[in-house]
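Here's the structure, in structure tokens; my notes come after.
Counting begins at 1 with the first residue of the sequence.
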Amino acid sequence: MKVARILLQGEETFALVNSEGKMSTRDEIVKKTGLRLPHSLDEFMFGGSLQKVNDRTKDLTFAHELGKLKILPPITKRFGKFPPREPVIYLKPHTSLVGPFDDIVCPKFVTQLDYEGELAFVIGKKCKDVSEKDSLDCVAGYLVMNDVSARDIQFIDKQYTRAKGFDTFGPCGPWLTTSEEVPDPHNLSIITKVNGEIRQNSSTSNMVLKVNKIIHSLSLVMTLEPGDIISTGTPSGTVLSLSSHLKYLQQGDIVEVEVGRLGRLRNRVVFS
């Protein structure tokens, strides 16, 4: 099941998305099924309503075309990220999160703006000191993430928080694909394009730290809670890794990140 967080008539709510990319809104689901549902995606995902609707999807009508409704980031809580070799943890603020088609708005004093297409996942239940074997049972679902980064700030600070924590530096979505639709998160393509040019073209099969290892390692440090977003790291192909012949992102550039089975982000760069 794919679940999107949307803005409808000025209010946040959620919708289900079928395999053709068409949506059924929360109010339409209630009308068709008679179920009592919360209004927020977080409560729907983590409060016990998901399975009730999952058993009634055959009753639903998916009438809204993708792009006709405003899509927001599917999860609004905090998230961290692992570089590919060492379990170095950093946090990005929730204010960095924006929707799959929103602008990346960058202050003009940033001179080296970079992209990082990544697989991200959302924790579905509270867990601490979880084993690698049981880690995937803690995943509610998966989504696409662009871990936008100001490299010049990163080089000055020698750490990641400020460089990756700017408002709008976390485009994500386009929806949350629940874990039963992703039996193997380590067999998904990752493609990033800038103005149509492929910059990153890899697979989650190449991840050095797998999802279960990341959850295990992180849960040894902190208690993970429902709604936490964890982004897993980026393949080669960023400007930082190929800086000999690529330019950092410029005004008006279009960055697209697609992860197989999960969907695609498309964000315009705007310097302000």
task: Establish whether Val182 and Leu265 are linked, either directly or via other cluster members, by ILVMFWY side-chain heavy-atom contacts under 4.5 Å.
output: yes
- request: Determine whether the side chains of Asp152 and Thr111 contain a donor N or O and an acceptor N or O closer than 3.5 Å.
  value: yes
task: With rounding to the nearest 0.5 Å, note down the distance linking CD in Glu12 to CG in Leu41.
output: 10.0 Å
field: Donor-acceptor contact below 3.5 Å, side chain His216 vs main chain Val130
entry: yes
- prompt: For the residue pair Pro107 and Phe271, what are the closest heavy atoms and their distance?
  reply: O-CD2, 3.7 Å
query: Can you name the closest pair of heavy atoms from Thr238 and Glu116 and give their distance?
result: CG2-CG, 3.9 Å
query: What pair of heavy atoms forms the shortest contact from Phe169 to Cys106, and how long is it?
result: CZ-SG, 4.0 Å
- prompt: Has the side chain of Ser272 got a donor or acceptor atom that lies under 3.5 Å from a matching backbone atom of Val270?
  reply: no
- prompt: Any Lys/Arg nitrogen of Asp137 or Lys125 sitting under 4.0 Å from an Asp/Glu carboxylate oxygen of the other?
  reply: no
- request: Report yes or no: do Ile123 and Leu262 belong to one cluster of Ile/Leu/Val/Met/Phe/Trp/Tyr joined by side chain heavy-atom distances under 4.5 Å?
  value: yes
task: Flag the pair His64 / Thr25 as yes when at least one side-chain heavy-atom distance between them is below 4.5 Å, and no otherwise.
output: yes
task: Answer yes or no: is there a donor N or O on one side and an acceptor on the other, between the side chain of Asp184 and the main chain of His186, under 3.5 Å?
output: yes
message: Under the criterion side-chain contact (heavy atoms from CB on, under 4.5 Å), I'd like the reasoning laid out for Asp167 against Val105: C-alpha separation, chi angles, the key distance, then a yes or no.
response: CA-CA 7 Å; Asp167 291 353; Val105 182; over 6 Å; no
field: Atom pair CD (Glu180) and OG1 (Thr178), whose distance is rounded to the nearest 0.5 Å
entry: 3.0 Å
query: For the residue pair Pro171 and Met145, what are the closest heavy atoms and their distance?
result: O-SD, 3.4 Å
message: Rounded to the nearest 0.5 Å, what separates atom CD in Gln112 from atom CZ in Phe155?
response: 5.5 Å
query: Taking NZ, NE, NH1 and NH2 as the nitrogens, is one of them in Asp114 or Lys164 under 4.0 Å from a carboxylate oxygen of the other?
result: no
- prompt: Can you check side-chain contact (heavy atoms from CB on, under 4.5 Å) on Val98 and Ile104, steps first, answer last?
  reply: CA-CA 8 Å; Val98 290; Ile104 299 167; 5.6 Å; no
message: Using 0.5 Å steps for rounding, measure from the OG atom of Ser202 to the CG atom of Leu119.
response: 11.5 Å
- prompt: Counting distance only, does the side-chain N/O of Thr177 pair as donor-acceptor with the main-chain N or O of Gly141 below 3.5 Å?
  reply: no
task: State which residue, out of Val269, Leu113, Thr168, fulfils the side chain to side chain contact (heavy atoms under 4.5 Å, CB included) condition with Val148.
output: Leu113
field: Trace of the side-chain contact (heavy atoms from CB on, under 4.5 Å) decision for Val239 with Tyr115
entry: CA-CA 8 Å; Val239 179; Tyr115 50 83; 3.7 Å; yes
message: For a quick check under 3.5 Å, do Glu11 and His39 share a side-chain donor-acceptor pair by atom type?
response: no
- prompt: Going by the salt bridge (Lys or Arg N to Asp or Glu O under 4.0 Å) test, which pairs reach into residues 47-62, not counting sequence neighbours?
  reply: Arg56-Asp59
query: Quick check: does any side chain N or O of Ser219 sit under 3.5 Å from a backbone N or O of Cys127, one acting as donor and the other as acceptor?
result: no
query: Does NZ in Lys128 sit with more than 12 non-hydrogen atoms of other residues, nucleotides or ligands closer than 6.0 Å?
result: yes
query: Between Leu224 and Leu218, is any pair of side-chain heavy atoms under 4.5 Å apart?
result: yes
- prompt: Any donor-acceptor pair under 3.5 Å linking the side chain of Ser135 with the backbone of Ile215?
  reply: no
- prompt: For Phe46 and Ala140, which heavy atoms make the closest approach, and how far apart are they?
  reply: CE2-CB, 3.8 Å
- prompt: What do the steps show when you test Thr161 against Leu91 for side-chain contact (heavy atoms from CB on, under 4.5 Å), and what is the final call?
  reply: CA-CA 7 Å; Thr161 301; Leu91 303 178; over 6 Å; no
query: OH of Tyr142 to CD1 of Ile230: how many Å apart, nearest 0.5 Å?
result: 10.5 Å
- prompt: When you measure from the side chain of Asn267 to the backbone N and O of Asp102, does any donor-acceptor pair fall under 3.5 Å?
  reply: yes
- request: Determine whether Ile71 and Leu143 fall in the same hydrophobic cluster, where Ile, Leu, Val, Met, Phe, Trp and Tyr are linked whenever their side-chain heavy atoms lie under 4.5 Å apart.
  value: no
field: Any donor-acceptor N/O pair, Trp175 side chain to Pro73 backbone, under 3.5 Å
entry: no
- request: Decide whether Leu16 and Leu35 are clustered together by the hydrophobic rule: side chain heavy atoms of Ile, Leu, Val, Met, Phe, Trp, Tyr closer than 4.5 Å, transitively.
  value: yes
message: Tell me whether Ile89 shares a hydrophobic cluster with Leu209, the cluster being built from Ile, Leu, Val, Met, Phe, Trp, Tyr side chains joined at under 4.5 Å.
response: yes
task: Could you point out which residue of Glu258, Arg199, Gln200 forms a side-chain hydrogen bond (donor to acceptor under 3.5 Å, both in side chains) with Thr192?
output: Gln200
task: Considering non-hydrogen atoms only, spot the tightest contact between Arg151 and Tyr248 and give its length.
output: CG-CE2, 3.6 Å
- prompt: If you measure from CG on Leu97 to SG on Cys172, what distance do you get to the nearest 0.5 Å?
  reply: 5.0 Å
query: Charged N to carboxylate O below 4.0 Å: is that the case for Arg261 and Glu181?
result: no
- prompt: Ion pair present between Glu43 and Arg36, side-chain N to carboxylate O less than 4.0 angstrom?
  reply: no
Note, Val194 side chain near Leu249 side chain (heavy atom, < 4.5 Å): yes
Crowding at NZ, Lys32 (>12 non-hydrogen neighbours, <6.0 Å): no
- request: Just say parallel, tilted or perpendicular for the rings of Tyr160 and Tyr90, cut-offs at 30° and 60°.
  value: tilted
message: Between Ser217 (side chain only) and Ile214 (backbone N and O only), is there a donor and an acceptor less than 3.5 Å apart?
response: no
query: When you measure from the side chain of Ser49 to the backbone N and O of Leu37, does any donor-acceptor pair fall under 3.5 Å?
result: no
